[in-house]
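So the structure is just underneath, and the comments pick up after that.
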Amino acid sequence: MKKFAGTYSWILVLALACAVQGLSLVSCATQVAPGGGPEDKLPPRIAAVYPAPGTTNHPNELYIKLEFDEWINPSIPRNAVSISPPIEKKMRFEVSGKTLELTSRGLLDTGTTYTVTFAGGIKDLHGNSLAKPFQVVFSTGAHIDSLKLSGRIMVNDSMMKKKLYPSIGMFLMGGEREGIRYLQKFRDSTTKQLDSLPMLAKEPPLFATLADSAGNFELAGLKPGRYRVAAFLDVNGNQKIEPSAELVGFWIRDLVLTETSADTLWIPLGDQDTSRLELESVTQPFANVLEATFTRPVYFDSAFADTANCSITSNTDGKKLYPSKVYLGASSKKPQFYFNEKPKKETVYKFACTSAKDSLFRPLDTLRNYVEWEWQEMAKDTLAPSIVSAKFTSRTKAVFPHDSLIISYDKPFGDSLAQTFYTAINKDTVQLNVVALDPVRLLVKRDEEWPTDVAIEVLQGYNDTTLAAADSNGVRDTVVTLKYKRLTRVEAVSKLKLASLKGAVPGGNGQVAVRLTSIETKAAQIAKCDAAGNFTFPDLEEGAFFIEYYYPKEGRDTPDAGTLSPFSFGKPWRAPNDTLKISKGENDLNKLIPNLPTLSKK
């Protein structure tokens, strides 16, 4: 490795960086361990770089040197640095105080523009990450490609907590792929032909970079061509899409990049794992009830809840029994099956389901849709159904005017319900009307909206029987008194904090959804637009929110990120960078954020 060849250029760049900071060359390059003083919360900054930005005729050996304004952590994660186009050998990092050197045993291609991105995985000794990705663009030839591309990728709360942000990749298409050296290994082993379409799950992209903490990215050093564009969460840092473990999304169409291109790319992410749902086990929580556990939560729709969908079959006589009720357990949120006809005790049964799917509509594997299990006699399970929760549907601790109240039981309560329910508000106790949502849940019916600025108590009524004092004849009458058991007590939202939001999505229509997520609680709610793109959120509490709007995936409320297999493009998604500050009273999105990004047509 000929590190000495670039020394003169490095000193010039370093001297310039020191001069800008008002320091001497010697003091800027001195290695001094950090001392005491106030806690350092500032991100490390790059003071000097080799090669200088835009360098041409760079040697075919990879050597990049960065000088920071403070000591950096010598542990550099693999996904903190990426290079485009890819090189055949791994990159190596060497950290000494403030200096980071990047090398590789792999040779660079001649006459090629390279972009090296340094991202948030690079931290100082106090754990502060680079504020945003830093790119070094240089060429091994006399010409340097200068096209750029920018955009935004969807970032969720889990990424923010882990400080792991997505990558953007551009996969070259067409006959030009023949001239790319790193793609030669992907030729067909029989025909020796290189497919004109990229193998997205096998080859790394020709160009890639990392997004910042808000999902914003910029790709530099690009050359004209036709590309398939994907965003992915590169968890293992191999610059490849791993569909079974990483979130992936595709732009709305293939990109034709030219000198006049003005596209800004917005890409949501989605789960691309295509593995089928499997039935893992069954348990018996109550005498006549089975509970099924699948590898992922089941999408509980009418098809799954059909009493003919799942059954048990005796291994002894082949008799098949179907449940009379199918529902989600109130506490476990797993499918439960109630059987009127009790199976034979200590008999092995085969429990099987014909069909099921998860929330991403991945179907049940028909080879793993059954388990064997022995029915247990639970003679002591004679207790009546009991209430396990009484919860409002609010997304915060406070109850809003339009919230619903759900009362849940541990097992089916039957066709008739003896209990009565009440609310106590400002010392006024009023009986509630309830209707059955499913075999274990009741929905409270209330004609009026819930009030604000009050405490709401939900009560269960019961009859208490006592004997009155004996009369003159010694007779004691039975006295029945209505008493109450408190199920829950909650506070209604303060009228001074009650807010609403309305707006119109630029380019929106009746197929568009708007998702509003509280930055404090992470709770999200979704509104559908009308034909003109108008929407409203009536029950909000003042605070800070993240808003996004998009074409949802069919049958779901989430953005459509496209699919890897079979391949399909994603659908338009937009999210303004600004945090949405909602105040009490009515709020208009188009006034709070006047220049909303326009949602393009599908």
Side-chain angles (χ1 to χ4, degrees), residues 151-156 214-215 249 251-253 263-270 392-396 398-404 448-450 452 493-562 569-602:
R152 191 176 185 192
I153 308 170
M154 186 174 73
V155 172
N156 60 32
W251 196 44
I252 59 175
R253 58 178 177 271
D263 290 305
T264 299
L265 278 55
W266 302 73
I267 306 178
L269 296 174
F392 288 87
T393 54
S394 174
R395 287 161 290 274
T396 68
V399 174
F400 287 85
H402 298 93
D403 284 339
S404 298
E448 300 176 351
E449 296 178 354
W450 298 105
T452 59
V493 66
S494 169
K495 191 173 183 179
L496 294 177
K497 293 184 177 180
L498 188 60
S500 64
L501 176 69
K502 67 177 182 178
V505 172
N509 55 48
Q511 301 178 52
V512 173
V514 182
R515 183 163 59 185
L516 190 67
T517 305
S518 168
I519 292 177
E520 178 184 359
T521 67
K522 314 305 179 188
Q525 50 185 306
I526 295 172
K528 295 296 180 66
C529 292
D530 64 16
N534 299 304
F535 67 90
T536 181
F537 290 96
D539 286 340
L540 298 173
E541 199 168 9
E542 62 178 357
F545 293 81
F546 172 74
I547 192 167
E548 53 191 325
Y549 38 94
Y550 50 85
Y551 287 92
K553 201 167 185 67
E554 185 176 356
R556 293 175 245 169
D557 290 328
T558 54
D560 190 342
F569 294 111
K571 293 179 181 177
W573 164 85
R574 296 291 185 272
N577 272 311
D578 298 331
T579 297
L580 181 61
K581 302 285 188 179
I582 293 181
S583 305
K584 64 180 181 181
E586 296 182 352
N587 295 263
D588 188 328
L589 175 64
N590 303 88
K591 292 180 180 178
L592 295 175
I593 306 178
N595 299 313
L596 289 168
T598 299
L599 191 68
S600 59
K601 302 298 182 183
K602 290 192 291 183

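These numbers come from the heavy atoms of this one structure, side chains and all, not from hydrogens, waters or symmetry mates.
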For Leu516, run the side-chain contact (heavy atoms from CB on, under 4.5 Å) check against Ile582, Ile526, Leu589 and tell me which one passes. Ile582
Do any N or O atoms from the side chain of Asn577 and from the backbone of Ala214 form a donor-acceptor pair under 3.5 angstrom? no
Taking only residues two or more places apart in sequence, or in another chain, which ones meet Arg253 in a salt bridge (charged side-chain N to carboxylate O under 4.0 Å, His left out)? Asp263
Residue pair Pro576 / Leu596: nearest heavy atoms and the distance that separates them: CG-CD2, 4.0 Å
Just by modelled atom types, is the Pro552 backbone N or O under 3.5 Å from a matching donor or acceptor in the Asp560 side chain? no
Heavy-atom donor-acceptor pair, Asp539 side chain to His402 backbone, under 3.5 Å: yes
Around atom NZ of Lys495, are there more than 12 heavy atoms from other residues, nucleotides or ligands closer than 6.0 Å? no
Would a distance-only check, ignoring hydrogens and angles, find a side-chain to backbone donor-acceptor pair under 3.5 Å from Arg574 to Trp266? no
Tell me whether Ser600 contacts the main-chain N or O of Pro572 through its side chain, where contact means a donor paired with an acceptor under 3.5 Å. no
Check the surroundings of atom CD in Glu449: do more than 12 heavy atoms from other residues, nucleotides or ligands lie under 6.0 Å from it? yes
Nearest heavy-atom pair of Gly270 and Ala561: which atoms, and what distance? N-CB, 3.5 Å
Quick one: does any side-chain atom of Tyr551 pair with a main-chain N or O of Gly570 as donor and acceptor, under 3.5 Å? no
Examine distances only and state if a side-chain atom of Trp573 and a backbone atom of Glu548 form a donor-acceptor pair shorter than 3.5 Å. no
Stepwise, does the side chain to side chain contact (heavy atoms under 4.5 Å, CB included) test hold for Phe535 with Leu501? CA-CA 8 Å; Phe535 67 90; Leu501 176 69; 4.2 Å; yes
